[in-house]
Number of protein chains: 4
Amino acid sequence: MKKVGFLGLGIMGKAMATNLIKAGFEVTVWNRNAKKTTELVVLGATQGSTPKEVAASCDITFAMVSDPAAALVICQGPDGVAAGIGEGRGYIDMSTVDDSTSQTIADTITKAGGRFLEAPVSGTKKPAEDGTLIILAAGDQSLYEEALPAFNVMGKMSPFLGEVGQGASMKLVVNMMMGGMLSIFSEGMSLGQKAGLDGEQILDVIAAGAIANPMFAGKGAMLLAEDYTTSFPLKHMQKDMRLAVALGDKLNLSLPSAATANEAFKQAKKAGFSDEDIAAVYKTVN
Amino acid sequence: MKKVGFLGLGIMGKAMATNLIKAGFEVTVWNRNAKKTTELVVLGATQGSTPKEVAASCDITFAMVSDPAAALVICQGPDGVAAGIGEGRGYIDMSTVDDSTSQTIADTITKAGGRFLEAPVSGTKKPAEDGTLIILAAGDQSLYEEALPAFNVMGKMSPFLGEVGQGASMKLVVNMMMGGMLSIFSEGMSLGQKAGLDGEQILDVIAAGAIANPMFAGKGAMLLAEDYTTSFPLKHMQKDMRLAVALGDKLNLSLPSAATANEAFKQAKKAGFSDEDIAAVYKTVN
Amino acid sequence: MKKVGFLGLGIMGKAMATNLIKAGFEVTVWNRNAKKTTELVVLGATQGSTPKEVAASCDITFAMVSDPAAALVICQGPDGVAAGIGEGRGYIDMSTVDDSTSQTIADTITKAGGRFLEAPVSGTKKPAEDGTLIILAAGDQSLYEEALPAFNVMGKMSPFLGEVGQGASMKLVVNMMMGGMLSIFSEGMSLGQKAGLDGEQILDVIAAGAIANPMFAGKGAMLLAEDYTTSFPLKHMQKDMRLAVALGDKLNLSLPSAATANEAFKQAKKAGFSDEDIAAVYKTVN
Amino acid sequence: MKKVGFLGLGIMGKAMATNLIKAGFEVTVWNRNAKKTTELVVLGATQGSTPKEVAASCDITFAMVSDPAAALVICQGPDGVAAGIGEGRGYIDMSTVDDSTSQTIADTITKAGGRFLEAPVSGTKKPAEDGTLIILAAGDQSLYEEALPAFNVMGKMSPFLGEVGQGASMKLVVNMMMGGMLSIFSEGMSLGQKAGLDGEQILDVIAAGAIANPMFAGKGAMLLAEDYTTSFPLKHMQKDMRLAVALGDKLNLSLPSAATANEAFKQAKKAGFSDEDIAAVYKTVN
């Protein structure tokens, strides 16, 4: 069993590191606020003093932090991962960051002699706890293969997607489909109800057929209940739609449905629903 | 056990009538080409001589014919259902017809003293054989309740949706969502692959997440295989998209995503894919 | 100089007939409410008793009535144009009617032995008075040529467009462009002002360049003044956009910009601006 | 009469400087390739040795160079405008550059004690020669007022638009409208001709009505002649559409018509028309 490091013990990171410990990995943990390491040390983890030290003492170090700035900080500088990684060890950043941040981290690690994978995840608290995340890995393939036993503990699937950047691209593609689906779903729910159909019955019929999917079930219940409690903030979806359309622009690809859905989410933002759940796009259609 | 009639023994009707016989209903069958009744008579059905005679001798008569013209013919005229239905018996047309045809049939039957339900189905040959159709019933509620045991044999769900016309509206709403989903799915598949992702991996990631649905799995495999063998002809989907947008127009509802997907399907028709499967819309995006 | 008839002396018809009289035509007039003929008789017109009598006594009879129903009434029936037209005389309906009404009138006149032109006009009261209408003629070409001297009096241009129906198609094409232009103009005016530009200055810059056009000048002043006094009712524009998109559907042509503008006008209708001027589409963008 | 400098004597700059000389301004010229100054010296201009020297010896120095890189080079460095401008003199960059370049130049000049205007122009060779450019000025208002006599020689209008950046915004707004108009125009021309109308007649009818504009006349003739000789490259229009949609995003404004037109131009790029004239968008509609 390999020695692994884990940097970042927020809601997601704590659940993921816990699963690694329970599965028998020898885990060294670090968190900016050291208090959060206590619970994991009780479970058997070793406490690391800096990202550098963790990276220097483990075969593979994972990170799960909240934003691009944090991801850069733990990688760079005198106490950062790059300073400790040395020749051949591996660093896997599972945080959700933009393309250019991911590339910067990849370059920093590679120059320091290490191997790098970006591995953003799809899924929130519950799947992190249940070990059913979807892990979108891209970068160094040898590192990917060594990390697979750990990925199998944290997620239900973890395909290797190619070069650094392709993990982020996959996430964008899936979120773009999600946004487009939500837009046409909102229009259909509104049309059906205006035509005299019962909202619950529309959901029942959908649930029984070829387009049945967990998102329609979940968001459908929310919009009938007029409950837009945020699970995925609408403004983040609009940002992803915008980035997807921009990626299409770069690749010379016309994406009229995505562009139209993007405008729908922008209209929802303009109407003041930025911080509500993505399901709130329904309110601008209806 | 009630006596039921069944008019129209094409691919769908034959499977549905067979299931009724096997479930113990006393079934009288009729088909324009009488040869097709043989197999069902062997299974225990009685052969009827005309739609009128079937309607006159059964508590409830079902019909499943191929188009609006055929649906009108078996209902009207000296040998038609209306001529035989008399006071209180029921007629249930399960064919897919337009609003005005459905209303004409409803009026004809009601004037003749009968009760009427429109009950278009969602699902093709396999679900018809397996008794797992989705039956969208609307019209006379007392007839709906009497017909439920038969619906339960033919389908896996059969909600009562309200007045005549609402069965057709429900089908339109579901198909509109289907068309919009296929449009954004095509754009996403194209974007992902142009960004260097593997098509199979995109499908795998989708299949594991919140937007997983049978249609993406089925059509996704088709478009990766460049196999557009027709299951649902693209031109029919475009017609449904057009009707859905028109219904929105009538109800004063703006449907930009549906309108955009409609134009995508029109572009696919223009490119010559009218008679291919709906999945062929991908070819105009890619 | 030929003898001409003129049926319908509303705002438009009265101005047009007046111009014909002043230009020296021998004009017989008729109006449902006979009082309106007085002024024209004073100018030198002969008063006709029925559409039939006018058509029977003139080489060419023009009509300008308010809607399809009125257009049918003056053509059909015992006192209608068709009853009087006889062999070879001409009837020119300049009212704005739908395709099928125009075709019905064409068939009625042709069966009665007459020749027919549809000639809807572009332009309102002022151009009618000034003799600067745009006349969109289609149907019998020999009649068109005979009518040209009269068209030249009433309008500034009167192209011959082909078969009956093509006058209406031309009007649809022009109105579709108008609607699309108004939609992008509204978005641009809103974007510019949100970006800190002065609305008047945007109009000035537009007026000086390649996209300068009378509509932007007129509607631009209206939207800056928040004055949506109806000149062209928004709901009529939306109807034309819908018909244009439907014509594209019939001709297998994908029209994404028109479809998107159509949805914008539908949103404006939904917001309650149906009876305001087309410029009110700006309010849903801004 | 003030002393003015002129940097950059390409097609545009040469015509503009010539007009200034002919109007009686005392002009000092500079060009990277000094040969191009000869003609202007013959007309009475003084030859400058460096941008620095020109800026130091003139009250106001204009620049008209081909791209952002050139605009930065002549401003910065030991021989650049900033090195010579000193306290209170003015620098007016009429090149078309992006926002951030314009802001950099503004900051450089201001720090050096000078006053700055961005003044991108609308119009090409012919208007430059005729002195009928549209000059979109923004920045230092006192400098604008001093420069007006020169602007009046070079252009037919030169509104003062506000802070640095607003000249570029105005250009974006106008080009976005232009792109959207061209998209709906292409759809209308295609629809009309498919409906059996004659293309020339459509153009004639448009030319006579409320939407008549120079662009439709010019591009309409091009698309009927299937001549897409580049005057405004399609890829540049698509870039402007993209930037306009992005500006809407930043300002929280939904722009569905602009977004749809952007996708149409992207489709045209994908079809290989990037370097043809913007009118080539018609080929992807038709």
Side-chain angles (χ1 to χ4, degrees), chain C residues 122-123 134 136 156-157 159 161-163 165-166 169-170 172-174 176-181 183-192 194-198 201-202 204-206 208-216 218 244 247-248 251-261 263-264 285, chain D residues 122-123 134 136 156-157 159 161-163 166 169-170 172-174 176-181 183-192 194-198 201-202 204-206 208-216 218 244 247-248 251-261 263-264 285-286:
Chain C
S122 194
I134 299 172
L136 304 171
K156 65 176 166 185
M157 76 180 299
L161 301 171
E163 299 176 3
Q166 307 226 37
S169 290
M170 180 66 89
L172 219 51
V173 165
V174 173
M176 178 186 111
M177 288 188 192
M178 194 176 278
M181 284 170 67
S183 183
I184 192 76
F185 175 67
S186 296
E187 292 184 8
M189 287 301 290
S190 184
L191 180 65
K194 283 221 163 50
L197 296 170
D198 177 72
Q201 284 191 318
I202 303 176
D204 288 348
V205 169
I206 290 171
I211 62 172
N213 66 84
M215 182 176 72
F216 283 5
L247 182 58
L251 298 172
N252 223 8
L253 192 60
S254 183
L255 302 171
S257 286
T260 298
E263 297 307 316
V285 171
Chain D
S122 194
I134 299 171
L136 305 171
K156 65 177 168 186
M157 77 178 299
L161 302 170
E163 298 176 3
Q166 307 225 33
S169 291
M170 180 65 90
L172 219 51
V173 165
V174 172
M176 178 186 111
M177 288 187 190
M178 193 176 280
M181 284 170 69
S183 183
I184 193 75
F185 175 67
S186 295
E187 291 184 9
M189 287 300 290
S190 184
L191 180 65
K194 282 223 164 48
L197 296 170
D198 177 73
Q201 285 191 319
I202 303 175
D204 288 348
V205 169
I206 290 170
I211 63 172
N213 66 86
M215 182 176 73
F216 283 5
L247 181 59
L251 298 171
N252 223 7
L253 191 59
S254 182
L255 302 171
S257 285
T260 298
E263 297 306 317
V285 172
N286 199 37

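Source: prediction; values computed, not measured. Below, read A as the first sequence line, B as the second, and so on, with proteins coming before strands; counting in each chain starts at 1.
- For D:S190, the side-chain contact (heavy atoms from CB on, under 4.5 Å) test picks out C:L253, D:K194, D:Y282, D:V285, D:N286, with sequence neighbours left out.
- Residue D:A264: no heavy atom, backbone or side chain, is found under 4.5 Å from chain C.
- Here the straight-line distance linking atom CE of D:M177 with atom OG of C:S186 works out to 8.5 Å at 0.5 Å rounding.
- Interface residue C:M181: backbone and side-chain heavy atoms are both found under 4.5 Å from chain D.
- In this structure, C:L191 CG and D:M176 CE are separated by 5.5 Å, a value rounded to the nearest 0.5 Å.
- In this view, C:E263 and C:K266 satisfy the salt bridge (charged side-chain N to carboxylate O under 4.0 Å, His left out) rule, not counting sequence neighbours.
- Contact of D:L172 with chain C is not made at all, since no heavy-atom distance falls under 4.5 Å.
- The shortest heavy-atom contact between C:P159 and D:V205 is CG-CG2, 3.9 Å.
- For chain D, the option among C:A258, C:G248, C:A259 with the highest count of heavy-atom pairs below 4.5 Å is C:A258.
- Options C:G162, C:G218, C:S122, C:G196 differ in how many heavy-atom pairs under 4.5 Å they form with chain D, and the most are formed by C:G196.
- The shortest heavy-atom contact between D:S257 and C:S183 is OG-OG, 2.7 Å.
- No other option in C:E187, C:Q166, C:M170 has as many heavy-atom pairs under 4.5 Å with chain D as C:E187.
- Ranked by heavy-atom pairs under 4.5 Å with chain C, the first of D:I134, D:V174, D:L136 is D:I134.
- Both the backbone and the side chain of C:S169 come within contact range of chain D, judged by heavy atoms closer than 4.5 Å.
- Note: D:L197 leads D:L251, D:L197, D:V173 in heavy-atom pairs under 4.5 Å with chain C.
- To the nearest 0.5 Å, atoms CG (D:L161) and CD (C:Q201) are separated by 5.0 Å.
- Considering CD1 of C:I184 and OG1 of D:T260, their distance stands at 8.5 Å, rounded to 0.5 Å.
- Your options are D:G192, D:P256, D:S254, and the one with the most heavy-atom pairs under 4.5 Å with chain C is D:P256.
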